[in-house]
Amino acid sequence: MSAFKSPFALWASTLAIGAYIGGQLPPFLVLRKTAEPSLPDAHADPVGTRAYRKLIETEMANLSIVRKLENTPGFVKTRAWEGVHYNDPKQQSAVFTAHTLRVPGGISVRPLVFTNKETSETVSIFHLGHRVTGFPFIIHGGVLATLLDESLARSAFLRFSDGAMGVTANLNINYKAPSLAHQFLVVKTEVTEHTDRKARVKGTVETARGKVLVEAEGLFVVPKAYALKTLEGF
C-alpha cells in the first residue's frame, strides 16, 4: 500500500506540509495543540469550559504583542462584544461572531482590541481553534474574511461623523499563506482615506510573531437613505 493511501499518513503529511508552508508554530506547539478536538462542550461541561477559557486568557495576556501595545501611547485596550447589543439574551443568538463562533475550539474568548482613535488604527487579538477550519488544521477563509470585515469596520466607524455605524460596500482579500488553527491571530487595521460617511480601510491578519497571512482592503459607507445607530462594545 502506498504511504499516501493510508488515511493517517495522508493526514500527517497534510499537517506537516501546512506547518512547513505556514511557518507559524514550532513543532512542539503543533503537537500540543492537536489535543484540542477533545475540548469540553460549553453546555455539557461548563466547569471544563471555564478552565479552558482561563488558560487561553492567561496565554493571551502574556503575548509579547499584547504587552507591547499595553505600553504604547495612544492605544486603549478593550474587549470586543461587551456592549448592550451583545449582552441582550434576545439578540445574542443572532450575532455570528460573538455567539455562534464563541465556543471552545471556535473563538474561545472575547478578542482583545487595542484602538487608537487619533490614527484610526486597531489591533485585535483572536484565538481560533479546530471548529472554524475548512481543511484539517487550516482556518476557513470565510471565517478570516468575517473577522477582517468586522475589524476593518471598527476602524471605519471611528471616522464617521456623530459616531454612526456603516455597512460594507466592498471587501477585497488576498490570502498570502495558510492560517493554522489552535493559535492566536492578530488583525491590524488602518483607515487610508475617509469622509464623514465613507471610509477606506486596509488591514492584515498576522501570526503573533508578525508573519502576514492575509491582506485586505474594504470600503465602508453610511447609507444616505437612513441614519444608523451607534453600537457600543463593538
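Between T122 and S151 the shortest heavy-atom distance is OG1-O, 4.0 Å. Pairing each heavy atom of V201 with each of S155, the nearest pair is CG1-CB, 3.9 Å. Considering all non-hydrogen atoms of both residues, A145 and Y175 come closest at CB-OH, 3.9 Å. Closest non-hydrogen pair, V186 versus A208, comes out as CG2-CA, 4.1 Å. Looking at every heavy atom in both residues, V212 comes nearest to A177 through O-CB, 4.5 Å. In this structure, L152 and A216 approach most closely via the heavy-atom pair CD1-CB, 4.3 Å.
Here CG of L112 is found 9.0 Å from OG of S124. Values are rounded to the nearest 0.5 Å. Interatomic distance, CD1 of I56 versus CZ of F126, reported as 14.5 Å (0.5 Å rounding). Here the CG-CD1 distance, from L144 to I173, works out to 8.0 Å after rounding to the nearest 0.5 Å. In this structure, CG on L148 lies 10.5 Å from CD on E215, to the nearest 0.5 angstrom. Atoms OG1 and CZ, from T146 and F96 in turn, are 5.0 Å apart once rounded to the nearest 0.5 Å.
Every side-chain contact (heavy atoms from CB on, under 4.5 Å) that S120 has, sequence neighbours left out, goes to L158, R159, V191. Shown here are the side-chain contact (heavy atoms from CB on, under 4.5 Å) partners of N170, two or more places apart in sequence or in another chain: N172, L219. Listed by chain and residue number, F75, N116, T119, E190 satisfy the side-chain contact (heavy atoms from CB on, under 4.5 Å) test with E121 (two or more places apart in sequence, or in another chain).
Side-chain contact check for R154 versus V113: some heavy-atom pair is nearer than 4.5 Å. Proximity of F160 to H194: side-chain heavy atoms (C-beta onward) are nowhere separated by under 4.5 Å. Contact annotation: the side chain of R131 approaches that of P104 to within less than 4.5 Å [non-hydrogen atoms, C-beta and beyond]. Within the 4.5 Å cutoff, side-chain heavy atoms of I65 are placed close to those of K188. Side-chain contact between V214 and T204: absent, with no pair of heavy atoms (C-beta onward) separated by less than 4.5 Å.
Of the possible polar contacts, one joining the T192 side chain to the R200 backbone as a donor-acceptor pair under 3.5 Å is found. Between the side chain of R197 and the backbone N or O of V222 there is at least one donor-acceptor pair closer than 3.5 Å. The closest donor-acceptor contact from the side chain of R102 to the backbone of T97 lies at 3.5 Å or more, if one exists at all. Judged by distance alone, the side chain of T195 and the main-chain N or O of K198 form a donor-acceptor pair under 3.5 Å.
Ring centroid separation for the pair F137 and H182 comes in under the 6.0 Å cut-off.
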Checking side chain to side chain contact (heavy atoms under 4.5 Å, CB included) for the pair L128/L147: CA distance, chi angles, key distance, verdict? CA-CA 11 Å; L128 286 85; L147 300 184; 3.9 Å; yes

